[in-house]
Participant: 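Before anything else, here's the structure in question.
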There are 2 protein chains.
Amino acid sequence: MNDRKQHVIKMAHQLFTDKGFQNTSIQDILDYSGISKGTFYNYFSSKNELLITLIKTIYKQLEQDRNELLIGQDPSDIDVFIKQIELHLNTNRANKLISLFEEVLILNDADLKQFIKQGQMRILHWLFLRFIDIFGENKRPCLLDCAIMFMGILHQNLKYQAIVPESNASINQIVRYSVERIMKMVEEVSQSGDQLIPPELLDHWLPDSKNPGPAFQQQLYHTVLTLKKQIKNNNEESKYLDLLDFVQEELLNSKEPRKFLVESALLSLKGCEPSFEQEILQNLERLVAVFFSQIEETS
Amino acid sequence: MNDRKQHVIKMAHQLFTDKGFQNTSIQDILDYSGISKGTFYNYFSSKNELLITLIKTIYKQLEQDRNELLIGQDPSDIDVFIKQIELHLNTNRANKLISLFEEVLILNDADLKQFIKQGQMRILHWLFLRFIDIFGENKRPCLLDCAIMFMGILHQNLKYQAIVPESNASINQIVRYSVERIMKMVEEVSQSGDQLIPPELLDHWLPDSKNPGPAFQQQLYHTVLTLKKQIKNNNEESKYLDLLDFVQEELLNSKEPRKFLVESALLSLKGCEPSFEQEILQNLERLVAVFFSQIEETS
DNA sequence: TGGATGTTATACAGGCAGTACAACAAACAA
DNA sequence: TTGTTTGTTGTACTGCCTGTATAACATCCA
């Protein structure tokens with residue numbers, strides 16, 4: 001990435017943590033980082049896209065650091081787990097990521113929402129896998145529930161601890177307290193046999209990068225179908241049908257999907273706007289974007 | 001409140017739940033409710049103020065309904081508690097309050113933030129008092145922590161349940177599951193003796209409780225509850241229970257509370273002095289006095 | 001009948017996001 | 001060297017938003 005672009009991201013990050021995302025105007029970013037409007041829109045299509053790249057860089061680093069803590073250690077060692085959680089929390093706090101996340105979830109930007117939700121899903125997935133390390137494969141059925149509840153317990157404890165006037169508890173204490181609770185809870189839940197969400201559902205939520213998950217397949221299939229129905233009356237019917245088929249085929253069954261071809265196809269489809277409902281076409285675009293972002297992450 | 005103003009609030013509420021708070025412009029509200037800009041700014045100083053009054057009306061109703069569920073019931077009955085929680089969640093869902101809340105917490109409006117945070121504190125406080133009802137005074141030291149964690153568990157379970165494709169779990173199941181967990185957890189935590197936040201801090205967070213309103217309601221209801229427990233062994237038990245219920249009902253839900261009746265009831269209660277802890281009864285008297293002094297002030 | 005109060009319509013100032021475009025700068029190839 | 005490409009700048013513009021101001025109109029009540 002460009003040095004200059006990097007610099008803009010850094011300055012924007014500072015502004016976001018100082019004044020909040022919403023409360024930072026693009027003009028602020030321009031002034032603060034000393035670039036012109038034209039350049040900004042050359043780098044990013046919007047403030048949201050800037051935020052996405054910002055969060056991506058932070059989290060890529062975090063996941064790497066977090067996994068390094070595990071190298072050469074016993075994965076069932078609870079102290080290692082606690083260290084990893086603390087790393088998470090400290091990163092979050094240092095970058096004020098939580099408030100940024102919350103802020104973003106409000107915005108009516110589908111892309112951004114999708115992106116954040118996937119990030120949370122990845123954390124949940126990681127937590128689930130670590131719980132299996134720690135508590136054992138035989139407790140698997142209840143461990144997704146427990147991972148979900150652990151996030152709730154931890155966040156809530158942190159939130160109210162922050163309000164306490166003279167906060168006498170360190171992050172370490174809160175994490176240890178929360179971990180203590182979840183350890184007992186895992187025992188209790190696994191004995192009771194209760195289950196809210198079977199862990200298999202994780203695969204639906206978190207499409208395997210190279211092998212798109214069934215949920216993704218279904219969504220794509222459904223979207224394409226809806227679009228196909230809408231072009232019934234068009235005179236260039238077959239052309240658009242072929243384009244849609246191509247996109248679907250390339251995403252689902254090609255080993256190395258060619259991004260440029262798919263995007264070109266989308267562009268052509270857009271050219272026939274009146275035939276399509278705007279919303280559905282945007283859905284397709286979103287799906288394609290999600291698909292390729294996952295490809296690029298893993299490579 | 002003005003009928004017209006009420007109507008504006010109603011229309012705005014609909015727009016907010018449909019399109020989100022941020023995404024609804026004042027112009028939208030003007031068009032949708034058919035008033036002019038001048039009138040709007042005559043009613044409210046800003047969109048934020050409108051939101052505050054909106055949330056206030058909803059929550060006033062909710063707290064009343066929620067407390068009514070308890071009248072004449074055993075306060076330690078877990079099923080009553082579950083019903084109250086469900087009422088909360090259903091109201092939240094029906095009004096899309098949660099997203100509104102989250103949305104608001106972002107905005108850089110200090111008033112609004114304060115208002116919402118106090119609302120959350122009130123819920124937490126209520127939860128804490130209910131936990132004392134349910135689990136007993138002797139577990140008090142850990143019950144604020146448990147109330148906090150219960151909120152985390154419940155919200156997180158709901159959040160991820162909502163993502164499940166074919167949500168086969170009802171709200172009732174989720175609440176029951178969460179309550180089951182917290183019950184076991186209370187036992188565990190109270191035995192371990194761990195504590196994160198001492199319950200005394202609640203008083204620091206909450207605004208002064210002298211002024212009536214929701215805080216007053218909670219105090220009243222809790223005082224009455226404590227008294228009820230103390231008369232368990234009395235031979236004229238039912239009579240005193242009825243008296244207490246009457247006082248609570250008259251203060252909270254009557255449009256024109258009859259002072260003479262309430263005071264007569266207090267006198268009768270005093271007649272059975274040995275059964276009551278002096279201090280608690282005086283609390284009740286003080287609350288009643290405060291209540292009527294406020295009534296007389298405003299009339 | 002006349003004043004108080006509430007309401008409307010409209011114009012206006014100031015701020016924001018995003019687009020468009022002409023002019024400039026630096027790198028690079030022939 | 002010259003011409004081209006590519007990135008950058010500054011500025012102007014559209015369109016949407018909030019919040020203020022005000023003249024004209026409506027309604028109620030004494």
Side-chain angles (χ1 to χ4, degrees), chain A residues 1-16 18-54 100 103-104 106-113 115 260 267 270-271 273 278 281-282 285-286 289, chain B residues 1-16 18-54 100 103-104 106-113:
Chain A
M1 193 182 299
N2 195 342
D3 256 12
R4 199 175 169 75
K5 189 171 171 182
Q6 205 77 290
H7 176 250
V8 174
I9 293 178
K10 200 172 155 189
M11 295 296 102
H13 184 189
Q14 190 159 346
L15 286 175
F16 290 166
D18 286 354
K19 324 196 317 177
F21 178 70
Q22 306 248 35
N23 212 33
T24 301
S25 73
I26 289 186
Q27 192 57 51
D28 291 339
I29 300 174
L30 303 186
D31 296 344
Y32 198 63
S33 55
I35 59 164
S36 76
K37 204 168 209 176
T39 307
F40 182 91
Y41 280 102
N42 182 24
Y43 289 157
F44 316 98
S45 70
S46 69
K47 205 171 65 169
N48 290 354
E49 212 199 76
L50 191 167
L51 183 61
I52 287 188
T53 52
L54 167 60
L100 272 184
E103 207 162 339
V104 163
I106 306 320
L107 270 52
N108 268 24
D109 183 304
D111 284 358
L112 212 39
K113 261 188 189 167
F115 172 72
F260 63 98
L267 214 64
K270 264 195 194 167
E273 267 194 32
Q278 206 57 358
L281 199 53
Q282 277 171 4
E285 281 189 283
R286 194 175 49 73
Chain B
M1 193 182 302
N2 194 341
D3 255 13
R4 202 176 167 77
K5 190 170 171 184
Q6 204 78 290
H7 177 251
V8 175
I9 293 178
K10 200 172 156 190
M11 295 296 102
H13 184 191
Q14 190 160 346
L15 286 175
F16 290 165
D18 286 354
K19 324 197 319 178
F21 178 70
Q22 308 248 30
N23 213 31
T24 301
S25 74
I26 289 185
Q27 192 57 53
D28 291 339
I29 300 173
L30 303 186
D31 296 345
Y32 198 62
S33 55
I35 59 162
S36 76
K37 205 167 211 177
T39 306
F40 181 91
Y41 281 101
N42 181 24
Y43 288 158
F44 315 98
S45 69
S46 67
K47 204 171 64 169
N48 289 355
E49 213 200 77
L50 192 167
L51 183 60
I52 287 189
T53 52
L54 167 59
L100 271 184
E103 207 162 339
V104 162
I106 305 320
L107 268 53
N108 267 24
D109 183 305
D111 284 357
L112 213 38
K113 259 188 190 169

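Throughout, a chain's letter reflects where its sequence line sits, starting with A, and its residues are numbered from 1.
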Participant: Under 4.0 Å between any heavy atoms, over every strand shown, what does B/F44 touch: base, sugar-phosphate, or nothing? Just pick one.
Facilitator: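 No contact at all - B/F44 keeps every heavy atom at 4.0 Å or more from the nucleic acid.
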Participant: Please report the distance, rounded to the nearest Å, between CD1 in A/I26 and P in C/dT19.
Facilitator: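 Rounded to whole Å, this separation is 10 Å.
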Participant: Between P on C/dA9 and CG on B/L30, what's the gap in Å once rounded to a whole number?
Facilitator: 11 Å
Participant: Mind listing the closest non-hydrogen atom pair of B/H7 and B/S33 along with its distance?
Facilitator: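 Closest approach of B/H7 to B/S33, heavy atoms only: CE1-O, 3.7 Å.
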Participant: Using a 4.0 Å heavy-atom cut-off, does A/F40 contact any base of the nucleic acid, only the sugar-phosphate backbone, or nothing at all?
Facilitator: nothing
Participant: Would you say A/D28's side chain and A/S25's backbone share a donor-acceptor pair under 3.5 angstrom?
Facilitator: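 A pair under 3.5 Å: yes.
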Participant: Round to the nearest Å and state the distance from A/K5 atom NZ to D/dT6 atom P.
Facilitator: 17 Å
Participant: Regarding C/dG18, can its base be found pairing with the side chain of A/K37 as donor and acceptor, where the two atoms are less than 3.5 Å apart?
Facilitator: yes
Participant: For A/D28 and B/S36, take the nucleotide of DNA chain C holding the closest heavy atom to each; which residue's nucleotide lies nearer the 5' end?
Facilitator: B/S36
Participant: Consider the side chain of B/Y41, meaning its heavy atoms from C-beta on, and name the nucleotide among C/dT19, D/dT18, D/dT8 that approaches it most closely.
Facilitator: D/dT18
Participant: Take the protein atom CD of B/Q27 and the nucleotide atom C1' of C/dT8, then report the distance between them rounded to whole Å.
Facilitator: 13 Å
Participant: Which atom pair, heavy atoms only, marks the closest approach of B/L50 to B/A12?
Facilitator: CD2-CB, 3.7 Å
Participant: Looking at A/K47 and A/T24, would you say the former's side chain and the latter's main chain have a donor-acceptor pair under 3.5 Å?
Facilitator: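 The answer is yes, because a donor-acceptor pair under 3.5 Å joins these two groups.
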Participant: Can you check the B/R4 CZ to D/dC28 P distance for me, whole Å?
Facilitator: 12 Å
Participant: Which part of the nucleic acid, if any, lies within contact of A/T39, taking any heavy atom under 4.0 Å across all strands shown: a base, the sugar-phosphate backbone alone, or nothing?
Facilitator: base
Participant: What is the distance, rounded to the nearest whole Å, between atom OH of B/Y43 and atom P of D/dT18?
Facilitator: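 About 19 Å, once rounded to whole Å.
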Participant: Rounded to the nearest angstrom, tell me the gap between atom CG in A/N48 and atom C1' in C/dG18.
Facilitator: 13 Å
Participant: Quickly work out the B/I29 CD1 to D/dG19 P distance and round it to whole Å.
Facilitator: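 Nearest whole value for this atom pair: 11 Å.
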Participant: Taking all atoms of both residues into account, what is the closest heavy-atom pair of A/V8 and A/I29, and its distance?
Facilitator: CG1-CG2, 4.2 Å
